[in-house]
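First comes the structure, then the notes that go with it.
Computed from a prediction, not measured in an experiment: that's the story for all the values here.
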Amino acid sequence: MTDQTPIPDDQAADDEDFLPRRELLDRIDAAIQAGDAALLNTLLDPMHGADIADIIERLTPAERRAFLTLYSGEIDGEILSEIDDSIRDEVIEQLPPEVVAEAVREMDSDDVVDLVEDMDEPERQEILAALDATDRAAVQQSLAYPENSAGRLMQSEVVTAPEHWTVGEAVAFLQSEEWLPEQFYHIVLVDPRRHPLGYVTLGRLLASSHATPLHDITEDSFRTISAFADEGDVAYVFNQYHLISAPVVDRDDRLVGIITIDDAMSVLDEEHEEDILRLAGVGDESHVSDGPLATARQRLPWLVVNLFTASLSAIVISRFEDTIAALVALAALMPIVASTGGIAGTQSLAVAVRALATRELGRANARRVVMRELVAGMLNGVCLALILGVAGWLIFGDVRLGMVLGAAMIVNQIVAALGGVLVPLTLNKLGLDPALASGTFVTTMTDVMGFFAFLGLATLVLL
(Lines give C-alpha, C1' and ligand atoms only; values in the text may rest on other atoms or scores of the structure.)
Protein backbone atom coordinates (compact mmCIF):
# COMPACT_ATOMS: atom_id res chain seq x y z
CA MET A 1 0.00 0.00 0.00
CA THR A 2 1.30 3.43 -0.90
CA ASP A 3 2.02 5.73 2.03
CA GLN A 4 -0.48 8.60 1.85
CA THR A 5 0.93 10.60 4.77
CA PRO A 6 0.62 14.25 3.80
CA ILE A 7 3.73 16.39 3.70
CA PRO A 8 3.44 19.57 5.80
CA ASP A 9 3.27 22.70 3.68
CA ASP A 10 6.36 24.22 5.28
CA GLN A 11 8.42 21.08 4.72
CA ALA A 12 7.23 20.75 1.12
CA ALA A 13 8.11 24.36 0.42
CA ASP A 14 11.56 23.92 1.96
CA ASP A 15 12.19 20.73 0.00
CA GLU A 16 11.12 22.46 -3.19
CA ASP A 17 13.06 25.69 -2.79
CA PHE A 18 16.25 24.40 -1.07
CA LEU A 19 16.64 27.94 0.24
CA PRO A 20 16.06 29.68 3.58
CA ARG A 21 12.45 30.83 3.85
CA ARG A 22 11.67 34.54 3.60
CA GLU A 23 10.28 34.54 7.14
CA LEU A 24 13.53 33.02 8.45
CA LEU A 25 15.61 35.65 6.66
CA ASP A 26 13.42 38.37 8.16
CA ARG A 27 13.95 36.92 11.65
CA ILE A 28 17.72 36.81 11.05
CA ASP A 29 17.64 40.47 9.97
CA ALA A 30 15.66 41.35 13.07
CA ALA A 31 18.15 39.51 15.33
CA ILE A 32 21.02 41.44 13.74
CA GLN A 33 19.22 44.74 14.17
CA ALA A 34 18.44 43.93 17.80
CA GLY A 35 21.96 42.69 18.53
CA ASP A 36 20.51 39.38 19.80
CA ALA A 37 23.43 36.93 19.52
CA ALA A 38 21.54 34.07 21.21
CA LEU A 39 18.61 34.27 18.77
CA LEU A 40 20.94 34.60 15.78
CA ASN A 41 22.87 31.48 16.83
CA THR A 42 19.61 29.56 17.32
CA LEU A 43 18.33 30.53 13.86
CA LEU A 44 21.59 29.72 12.08
CA ASP A 45 22.50 26.56 13.97
CA PRO A 46 20.60 24.10 11.69
CA MET A 47 21.62 25.87 8.47
CA HIS A 48 24.23 24.62 5.98
CA GLY A 49 27.47 26.57 5.78
CA ALA A 50 26.78 27.55 2.14
CA ASP A 51 23.44 29.12 3.15
CA ILE A 52 25.10 31.06 5.97
CA ALA A 53 27.71 32.29 3.49
CA ASP A 54 24.90 33.48 1.20
CA ILE A 55 23.35 35.40 4.09
CA ILE A 56 26.69 37.07 4.82
CA GLU A 57 27.09 38.04 1.15
CA ARG A 58 23.66 39.68 0.84
CA LEU A 59 24.16 41.95 3.87
CA THR A 60 25.32 45.53 3.53
CA PRO A 61 28.83 46.28 4.89
CA ALA A 62 27.35 47.77 8.08
CA GLU A 63 25.01 44.81 8.59
CA ARG A 64 27.88 42.42 7.88
CA ARG A 65 30.01 44.00 10.60
CA ALA A 66 27.13 43.65 13.07
CA PHE A 67 26.54 40.05 12.01
CA LEU A 68 30.20 39.08 12.45
CA THR A 69 30.33 40.73 15.87
CA LEU A 70 27.38 38.61 17.00
CA TYR A 71 28.29 35.36 15.21
CA SER A 72 32.07 35.47 14.83
CA GLY A 73 32.72 32.55 17.17
CA GLU A 74 30.67 30.24 14.97
CA ILE A 75 32.42 30.99 11.65
CA ASP A 76 34.12 27.74 10.67
CA GLY A 77 36.13 26.52 7.70
CA GLU A 78 33.06 25.40 5.76
CA ILE A 79 31.44 28.84 5.96
CA LEU A 80 34.67 30.70 5.22
CA SER A 81 35.39 28.59 2.11
CA GLU A 82 31.88 29.25 0.73
CA ILE A 83 32.02 33.06 1.02
CA ASP A 84 32.53 34.82 -2.31
CA ASP A 85 36.08 35.99 -2.99
CA SER A 86 34.89 39.58 -3.42
CA ILE A 87 34.10 39.97 0.28
CA ARG A 88 36.09 37.17 1.91
CA ASP A 89 39.06 39.40 2.77
CA GLU A 90 36.68 41.90 4.35
CA VAL A 91 35.16 39.13 6.48
CA ILE A 92 38.57 37.78 7.57
CA GLU A 93 39.73 41.26 8.63
CA GLN A 94 36.74 41.55 10.98
CA LEU A 95 37.13 38.11 12.59
CA PRO A 96 39.26 37.51 15.68
CA PRO A 97 42.63 35.90 14.75
CA GLU A 98 41.89 32.78 16.81
CA VAL A 99 38.60 32.23 14.93
CA VAL A 100 40.34 32.52 11.57
CA ALA A 101 43.11 30.17 12.68
CA GLU A 102 40.63 27.52 13.81
CA ALA A 103 38.59 27.86 10.63
CA VAL A 104 41.69 27.50 8.44
CA ARG A 105 42.79 24.37 10.27
CA GLU A 106 39.45 22.76 9.40
CA MET A 107 39.79 23.43 5.67
CA ASP A 108 41.22 21.11 3.00
CA SER A 109 44.49 22.26 1.47
CA ASP A 110 42.83 23.31 -1.83
CA ASP A 111 40.41 25.57 0.06
CA VAL A 112 43.30 27.15 1.99
CA VAL A 113 45.12 27.80 -1.30
CA ASP A 114 42.00 29.46 -2.70
CA LEU A 115 41.78 31.55 0.45
CA VAL A 116 45.37 32.86 0.54
CA GLU A 117 46.52 32.97 -3.09
CA ASP A 118 45.30 36.55 -3.66
CA MET A 119 46.36 37.87 -0.25
CA ASP A 120 49.29 40.16 0.41
CA GLU A 121 52.35 38.35 1.76
CA PRO A 122 51.97 39.46 5.43
CA GLU A 123 48.31 38.34 5.52
CA ARG A 124 49.20 35.08 3.76
CA GLN A 125 51.95 34.27 6.27
CA GLU A 126 49.59 34.97 9.15
CA ILE A 127 47.10 32.43 7.78
CA LEU A 128 49.80 29.83 7.02
CA ALA A 129 51.18 30.19 10.56
CA ALA A 130 47.90 28.77 11.86
CA LEU A 131 48.51 25.46 10.07
CA ASP A 132 50.64 22.59 11.28
CA ALA A 133 53.91 21.94 9.46
CA THR A 134 52.52 19.22 7.15
CA ASP A 135 49.49 21.21 6.02
CA ARG A 136 51.56 24.37 5.62
CA ALA A 137 54.05 22.53 3.38
CA ALA A 138 51.18 21.18 1.26
CA VAL A 139 49.70 24.65 0.78
CA GLN A 140 53.07 26.17 -0.07
CA GLN A 141 53.67 23.40 -2.60
CA SER A 142 50.40 24.23 -4.34
CA LEU A 143 51.17 27.96 -4.29
CA ALA A 144 54.43 27.24 -6.11
CA TYR A 145 52.47 26.20 -9.21
CA PRO A 146 51.29 28.81 -11.74
CA GLU A 147 48.11 30.75 -11.07
CA ASN A 148 44.95 29.13 -12.51
CA SER A 149 46.73 25.79 -12.87
CA ALA A 150 45.73 22.32 -11.72
CA GLY A 151 48.43 22.56 -9.03
CA ARG A 152 46.53 25.44 -7.42
CA LEU A 153 43.25 23.56 -7.71
CA MET A 154 44.32 20.21 -6.23
CA GLN A 155 44.22 19.07 -2.63
CA SER A 156 47.23 17.26 -1.28
CA GLU A 157 45.22 14.81 0.84
CA VAL A 158 45.18 11.68 -1.36
CA VAL A 159 44.31 8.14 -0.31
CA THR A 160 46.79 5.78 -1.97
CA ALA A 161 47.54 2.07 -1.89
CA PRO A 162 50.31 -0.12 -3.34
CA GLU A 163 49.33 -1.78 -6.61
CA HIS A 164 49.82 -5.29 -5.16
CA TRP A 165 47.30 -4.88 -2.30
CA THR A 166 44.05 -6.79 -2.07
CA VAL A 167 40.63 -5.42 -1.18
CA GLY A 168 40.99 -6.80 2.37
CA GLU A 169 44.28 -5.01 2.92
CA ALA A 170 42.82 -1.75 1.59
CA VAL A 171 39.75 -1.99 3.84
CA ALA A 172 41.92 -2.71 6.89
CA PHE A 173 44.07 0.30 6.02
CA LEU A 174 41.06 2.60 5.72
CA GLN A 175 39.65 1.42 9.03
CA SER A 176 42.92 1.97 10.89
CA GLU A 177 43.88 5.43 9.59
CA GLU A 178 42.73 8.65 11.23
CA TRP A 179 44.16 11.20 8.75
CA LEU A 180 41.78 10.34 5.89
CA PRO A 181 40.07 13.24 4.08
CA GLU A 182 36.52 14.01 5.17
CA GLN A 183 35.32 13.24 1.63
CA PHE A 184 37.06 11.16 -1.02
CA TYR A 185 35.90 8.96 -3.87
CA HIS A 186 38.86 6.86 -5.04
CA ILE A 187 41.84 4.97 -3.76
CA VAL A 188 44.75 5.71 -6.10
CA LEU A 189 47.08 2.79 -6.85
CA VAL A 190 50.74 3.77 -7.00
CA ASP A 191 54.07 2.07 -7.65
CA PRO A 192 57.07 2.47 -5.28
CA ARG A 193 57.98 5.77 -6.97
CA ARG A 194 54.45 7.16 -6.45
CA HIS A 195 53.53 6.97 -10.10
CA PRO A 196 49.72 6.57 -10.24
CA LEU A 197 48.66 3.41 -12.10
CA GLY A 198 44.89 3.43 -11.66
CA TYR A 199 42.17 4.00 -9.11
CA VAL A 200 39.40 2.09 -7.39
CA THR A 201 36.04 3.56 -6.38
CA LEU A 202 34.86 3.02 -2.83
CA GLY A 203 31.69 1.40 -4.17
CA ARG A 204 33.58 -1.33 -6.06
CA LEU A 205 35.92 -1.76 -3.11
CA LEU A 206 33.03 -2.52 -0.73
CA ALA A 207 31.28 -4.74 -3.28
CA SER A 208 34.33 -6.98 -3.89
CA SER A 209 35.62 -9.91 -1.87
CA HIS A 210 38.59 -9.33 0.40
CA ALA A 211 40.82 -11.61 -1.68
CA THR A 212 40.32 -9.56 -4.87
CA PRO A 213 43.48 -7.75 -6.05
CA LEU A 214 42.90 -4.01 -6.33
CA HIS A 215 44.32 -3.89 -9.85
CA ASP A 216 41.46 -6.18 -10.96
CA ILE A 217 38.77 -3.63 -10.06
CA THR A 218 40.33 -0.39 -11.33
CA GLU A 219 38.15 2.05 -13.29
CA ASP A 220 38.40 2.58 -17.05
CA SER A 221 37.90 6.33 -16.52
CA PHE A 222 41.33 6.69 -14.93
CA ARG A 223 43.47 9.52 -16.30
CA THR A 224 46.04 11.81 -14.74
CA ILE A 225 46.29 15.60 -14.99
CA SER A 226 49.50 17.60 -15.08
CA ALA A 227 49.91 20.02 -12.19
CA PHE A 228 50.74 22.68 -14.80
CA ALA A 229 47.55 22.18 -16.84
CA ASP A 230 45.22 25.18 -17.09
CA GLU A 231 42.23 24.91 -14.76
CA GLY A 232 39.90 25.49 -17.73
CA ASP A 233 41.32 22.33 -19.33
CA VAL A 234 40.79 20.49 -16.04
CA ALA A 235 37.11 21.47 -15.99
CA TYR A 236 36.74 20.36 -19.60
CA VAL A 237 38.27 16.94 -18.88
CA PHE A 238 35.98 16.38 -15.89
CA ASN A 239 32.91 17.40 -17.87
CA GLN A 240 33.89 15.52 -21.02
CA TYR A 241 34.75 12.21 -19.36
CA HIS A 242 32.35 12.37 -16.39
CA LEU A 243 35.12 12.13 -13.81
CA ILE A 244 34.57 12.20 -10.06
CA SER A 245 38.21 12.78 -9.18
CA ALA A 246 41.55 12.73 -10.98
CA PRO A 247 45.13 12.37 -9.70
CA VAL A 248 47.51 15.28 -10.33
CA VAL A 249 51.12 14.56 -11.29
CA ASP A 250 54.32 16.61 -11.53
CA ARG A 251 56.72 16.73 -14.47
CA ASP A 252 58.11 13.31 -13.49
CA ASP A 253 54.59 11.78 -13.36
CA ARG A 254 54.72 11.45 -9.59
CA LEU A 255 51.50 11.86 -7.65
CA VAL A 256 51.29 15.26 -5.92
CA GLY A 257 47.57 15.65 -5.27
CA ILE A 258 44.04 15.04 -6.45
CA ILE A 259 41.26 17.18 -7.91
CA THR A 260 37.65 16.37 -7.04
CA ILE A 261 34.52 17.07 -9.03
CA ASP A 262 33.29 19.90 -6.78
CA ASP A 263 36.41 21.95 -7.51
CA ALA A 264 36.29 21.18 -11.24
CA MET A 265 32.63 22.21 -11.46
CA SER A 266 33.38 25.40 -9.54
CA VAL A 267 35.94 26.26 -12.20
CA LEU A 268 33.40 25.51 -14.93
CA ASP A 269 30.86 27.79 -13.26
CA GLU A 270 33.47 30.53 -12.90
CA GLU A 271 34.44 30.20 -16.59
CA HIS A 272 30.81 30.51 -17.68
CA GLU A 273 30.20 33.43 -15.32
CA GLU A 274 33.33 35.15 -16.60
CA ASP A 275 32.22 34.72 -20.22
CA ILE A 276 28.77 36.16 -19.50
CA LEU A 277 30.20 39.17 -17.67
CA ARG A 278 32.78 39.83 -20.36
CA LEU A 279 30.18 39.56 -23.11
CA ALA A 280 28.20 42.22 -21.28
CA GLY A 281 31.30 44.37 -20.79
CA VAL A 282 30.95 44.64 -17.00
CA GLY A 283 34.27 43.14 -15.92
CA ASP A 284 34.91 39.52 -15.04
CA GLU A 285 34.97 40.19 -11.28
CA SER A 286 31.74 42.17 -11.01
CA HIS A 287 29.55 41.19 -8.07
CA VAL A 288 26.27 42.45 -6.63
CA SER A 289 28.04 43.24 -3.36
CA ASP A 290 30.36 45.73 -5.07
CA GLY A 291 29.92 49.40 -4.24
CA PRO A 292 28.88 52.06 -6.78
CA LEU A 293 32.47 53.25 -7.34
CA ALA A 294 33.82 49.75 -8.00
CA THR A 295 30.88 48.95 -10.29
CA ALA A 296 31.38 52.15 -12.31
CA ARG A 297 35.14 51.52 -12.56
CA GLN A 298 34.56 48.03 -13.96
CA ARG A 299 32.03 49.15 -16.57
CA LEU A 300 33.48 52.48 -17.70
CA PRO A 301 36.36 51.18 -19.90
CA TRP A 302 34.06 49.26 -22.23
CA LEU A 303 31.55 52.10 -22.27
CA VAL A 304 34.36 54.37 -23.47
CA VAL A 305 35.36 51.82 -26.11
CA ASN A 306 31.75 51.59 -27.21
CA LEU A 307 31.59 55.39 -27.37
CA PHE A 308 34.35 55.42 -29.97
CA THR A 309 32.99 52.48 -31.96
CA ALA A 310 29.53 54.06 -32.00
CA SER A 311 31.15 57.08 -33.62
CA LEU A 312 31.73 54.93 -36.70
CA SER A 313 27.96 54.59 -37.09
CA ALA A 314 27.61 58.36 -36.75
CA ILE A 315 30.21 58.87 -39.48
CA VAL A 316 28.31 56.54 -41.82
CA ILE A 317 25.02 58.34 -41.14
CA SER A 318 26.65 61.74 -41.72
CA ARG A 319 27.64 60.64 -45.24
CA PHE A 320 23.96 60.36 -46.14
CA GLU A 321 22.66 63.63 -44.72
CA ASP A 322 21.16 64.68 -48.07
CA THR A 323 19.35 61.35 -48.44
CA ILE A 324 17.87 61.57 -44.94
CA ALA A 325 16.87 65.21 -45.51
CA ALA A 326 15.07 64.27 -48.70
CA LEU A 327 13.30 61.26 -47.18
CA VAL A 328 12.60 61.93 -43.50
CA ALA A 329 10.96 58.49 -43.15
CA LEU A 330 14.43 56.93 -43.36
CA ALA A 331 15.34 58.43 -39.97
CA ALA A 332 12.41 56.60 -38.36
CA LEU A 333 13.28 53.28 -40.04
CA MET A 334 17.06 53.21 -39.48
CA PRO A 335 16.91 52.00 -35.84
CA ILE A 336 14.77 49.01 -36.89
CA VAL A 337 17.42 47.70 -39.26
CA ALA A 338 20.29 48.32 -36.82
CA SER A 339 18.61 46.94 -33.68
CA THR A 340 17.37 43.77 -35.41
CA GLY A 341 20.88 43.14 -36.71
CA GLY A 342 22.32 43.71 -33.25
CA ILE A 343 20.00 41.13 -31.72
CA ALA A 344 20.82 38.60 -34.44
CA GLY A 345 24.54 39.19 -33.94
CA THR A 346 24.21 38.67 -30.18
CA GLN A 347 22.34 35.39 -30.75
CA SER A 348 25.05 34.06 -33.06
CA LEU A 349 27.80 35.37 -30.78
CA ALA A 350 26.39 33.71 -27.64
CA VAL A 351 26.23 30.32 -29.37
CA ALA A 352 29.77 30.67 -30.77
CA VAL A 353 31.38 31.78 -27.49
CA ARG A 354 29.71 28.95 -25.59
CA ALA A 355 30.80 26.43 -28.25
CA LEU A 356 34.40 27.66 -28.05
CA ALA A 357 34.35 27.43 -24.25
CA THR A 358 33.05 23.85 -24.30
CA ARG A 359 35.38 22.81 -27.19
CA GLU A 360 32.40 22.08 -29.45
CA LEU A 361 33.67 24.61 -32.00
CA GLY A 362 37.16 24.30 -33.41
CA ARG A 363 39.17 24.16 -36.60
CA ALA A 364 37.63 20.83 -37.63
CA ASN A 365 34.05 22.11 -37.82
CA ALA A 366 34.51 25.88 -38.14
CA ARG A 367 33.67 25.94 -41.86
CA ARG A 368 30.45 23.99 -41.32
CA VAL A 369 29.37 26.26 -38.46
CA VAL A 370 30.10 29.42 -40.50
CA MET A 371 28.05 28.07 -43.43
CA ARG A 372 25.23 27.19 -41.06
CA GLU A 373 25.19 30.73 -39.68
CA LEU A 374 25.28 32.16 -43.21
CA VAL A 375 22.27 30.14 -44.34
CA ALA A 376 20.40 30.85 -41.10
CA GLY A 377 21.09 34.55 -41.50
CA MET A 378 19.80 34.51 -45.05
CA LEU A 379 16.61 32.68 -44.05
CA ASN A 380 15.95 35.03 -41.14
CA GLY A 381 16.73 38.00 -43.34
CA VAL A 382 14.24 36.92 -46.01
CA CYS A 383 11.49 36.33 -43.45
CA LEU A 384 12.07 39.69 -41.74
CA ALA A 385 12.40 41.42 -45.12
CA LEU A 386 8.96 40.18 -46.22
CA ILE A 387 7.36 41.40 -42.99
CA LEU A 388 9.17 44.74 -42.86
CA GLY A 389 9.02 45.36 -46.60
CA VAL A 390 5.25 44.91 -46.75
CA ALA A 391 4.80 47.03 -43.61
CA GLY A 392 6.94 49.81 -45.05
CA TRP A 393 5.00 49.75 -48.31
CA LEU A 394 1.60 49.86 -46.56
CA ILE A 395 2.56 52.52 -44.00
CA PHE A 396 4.48 54.89 -46.26
CA GLY A 397 2.74 54.04 -49.53
CA ASP A 398 5.98 53.49 -51.45
CA VAL A 399 6.77 49.99 -52.70
CA ARG A 400 10.36 50.99 -53.43
CA LEU A 401 10.88 52.01 -49.82
CA GLY A 402 9.57 48.61 -48.74
CA MET A 403 12.00 46.89 -51.14
CA VAL A 404 14.95 48.94 -49.84
CA LEU A 405 14.00 48.17 -46.25
CA GLY A 406 13.71 44.45 -46.98
CA ALA A 407 17.00 44.29 -48.89
CA ALA A 408 18.85 46.12 -46.09
CA MET A 409 17.38 43.71 -43.57
CA ILE A 410 18.68 40.70 -45.53
CA VAL A 411 22.17 42.21 -45.79
CA ASN A 412 22.32 43.07 -42.09
CA GLN A 413 21.07 39.66 -40.95
CA ILE A 414 23.79 37.97 -43.00
CA VAL A 415 26.44 40.32 -41.60
CA ALA A 416 25.17 39.76 -38.06
CA ALA A 417 25.14 35.97 -38.38
CA LEU A 418 28.64 35.83 -39.88
CA GLY A 419 30.07 38.44 -37.51
CA GLY A 420 28.69 36.61 -34.50
CA VAL A 421 30.74 33.52 -35.31
CA LEU A 422 33.75 34.92 -37.22
CA VAL A 423 34.69 37.57 -34.63
CA PRO A 424 35.05 35.14 -31.69
CA LEU A 425 36.77 32.58 -33.94
CA THR A 426 39.30 35.21 -35.01
CA LEU A 427 39.95 36.38 -31.44
CA ASN A 428 40.35 32.77 -30.31
CA LYS A 429 42.86 32.10 -33.10
CA LEU A 430 44.86 35.15 -32.00
CA GLY A 431 45.02 33.75 -28.48
CA LEU A 432 42.57 36.30 -27.04
CA ASP A 433 39.49 35.61 -24.95
CA PRO A 434 36.61 35.46 -27.47
CA ALA A 435 34.20 36.81 -24.87
CA LEU A 436 36.31 39.83 -24.02
CA ALA A 437 35.58 42.18 -26.93
CA SER A 438 33.35 40.22 -29.29
CA GLY A 439 30.16 42.00 -28.24
CA THR A 440 31.53 45.46 -29.02
CA PHE A 441 32.95 44.40 -32.40
CA VAL A 442 29.80 42.57 -33.50
CA THR A 443 27.50 45.41 -32.43
CA THR A 444 29.63 47.94 -34.28
CA MET A 445 29.71 45.76 -37.37
CA THR A 446 25.94 45.31 -37.51
CA ASP A 447 25.25 49.00 -36.85
CA VAL A 448 27.70 50.25 -39.47
CA MET A 449 26.69 47.73 -42.13
CA GLY A 450 23.00 48.15 -41.35
CA PHE A 451 23.08 51.92 -41.74
CA PHE A 452 25.34 51.73 -44.79
CA ALA A 453 23.17 49.13 -46.57
CA PHE A 454 19.90 50.90 -45.80
CA LEU A 455 21.00 54.44 -46.60
CA GLY A 456 23.14 53.37 -49.54
CA LEU A 457 20.30 51.45 -51.16
CA ALA A 458 17.92 54.30 -50.41
CA THR A 459 20.27 56.72 -52.20
CA LEU A 460 20.52 54.45 -55.25
CA VAL A 461 16.86 53.45 -55.51
CA LEU A 462 14.79 56.30 -54.08
CA LEU A 463 16.65 59.43 -55.17
Side-chain angles (χ1 to χ4, degrees), residues 5-108 110-112 114-116 118-119 123 126-127 129-131 182-183 262-263 265-266 269-270 273 285-296 298:
T5 304
I7 299 176
D9 291 342
D10 287 348
Q11 180 182 338
D14 285 343
D15 290 343
E16 179 180 350
D17 294 339
F18 297 102
L19 295 170
R21 298 289 299 276
R22 180 69 257 175
E23 306 90 274
L24 176 58
L25 294 177
D26 290 340
R27 293 182 67 191
I28 291 172
D29 287 340
I32 296 173
Q33 295 294 331
D36 192 336
L39 177 58
L40 184 63
N41 278 268
T42 300
L43 294 173
L44 296 181
D45 184 61
M47 293 180 64
H48 191 277
D51 292 327
I52 297 176
D54 286 342
I55 290 173
I56 294 173
E57 291 170 10
R58 75 178 182 85
L59 297 174
T60 66
E63 292 172 337
R64 195 176 299 127
R65 285 192 294 272
F67 176 93
L68 294 174
T69 300
L70 299 171
Y71 194 70
S72 63
E74 304 299 325
I75 300 292
D76 58 17
E78 182 180 27
I79 297 173
L80 202 58
S81 64
E82 293 287 348
I83 297 175
D84 192 87
D85 296 346
S86 61
I87 64 168
R88 188 186 289 160
D89 289 347
E90 173 192 338
V91 171
I92 290 175
E93 289 176 1
Q94 297 177 38
L95 292 175
E98 61 275 12
V99 172
V100 176
E102 182 61 29
V104 169
R105 282 192 286 268
E106 296 174 359
M107 299 166 69
D108 290 331
D110 58 326
D111 291 325
V112 179
D114 183 56
L115 178 70
V116 304
D118 294 325
M119 287 182 173
E123 296 172 330
E126 187 176 344
I127 296 294
L131 303 173
E182 186 174 334
Q183 291 184 348
D262 56 326
D263 294 315
M265 292 305 98
S266 293
D269 287 342
E270 290 171 4
E273 178 184 343
E285 295 184 359
S286 183
H287 193 271
V288 292
S289 64
D290 294 337
L293 185 60
T295 301
Q298 292 163 352

Note, [X] side chain near [Y] side chain (heavy atom, < 4.5 Å):
X	Y	result
E74	L44	no
M107	D114	no
I92	R88	yes
V116	V104	no
R64	I56	yes
I55	Y71	no
E78	H48	yes

Euclidean distance, [Y] [atom2] relative to [X] [atom1], rounded to 0.5 Å:
X	Y	atom1	atom2	value
L24	R22	CG	CZ	9.5 Å
D26	L43	CG	CG	11.0 Å
L95	E90	CG	CD	10.5 Å
L70	L40	CG	CG	6.0 Å

[X] side chain to [Y] main-chain N or O, any donor-acceptor pair under 3.5 Å?
X	Y	result
E57	D84	yes
R65	T60	no
R105	A130	yes
D45	N41	no

Q.
Between D111 and L115, is the side-chain contact (heavy atoms from CB on, under 4.5 Å) condition met? List the steps.
A. CA-CA 6 Å; D111 291 325; L115 178 70; over 6 Å; no
Q. Are D54 and R58 close enough, and set up right, to give a salt bridge (Lys or Arg N to Asp or Glu O under 4.0 Å), and what steps lead you there?
A. CA-CA 6 Å; D54 286 342; R58 75 178 182 85; over 6 Å; no
**Q.** Minimal non-hydrogen separation, A53 against E82, with atom names
**A.** CB-CB, 3.6 Å
Q) What heavy-atom pair brings D51 and M47 nearest, and what distance separates the two atoms? A) CB-CE, 3.6 Å
Q. In this structure, are over 12 heavy atoms from other groups packed under 6.0 Å from E126 atom CD?
A. no
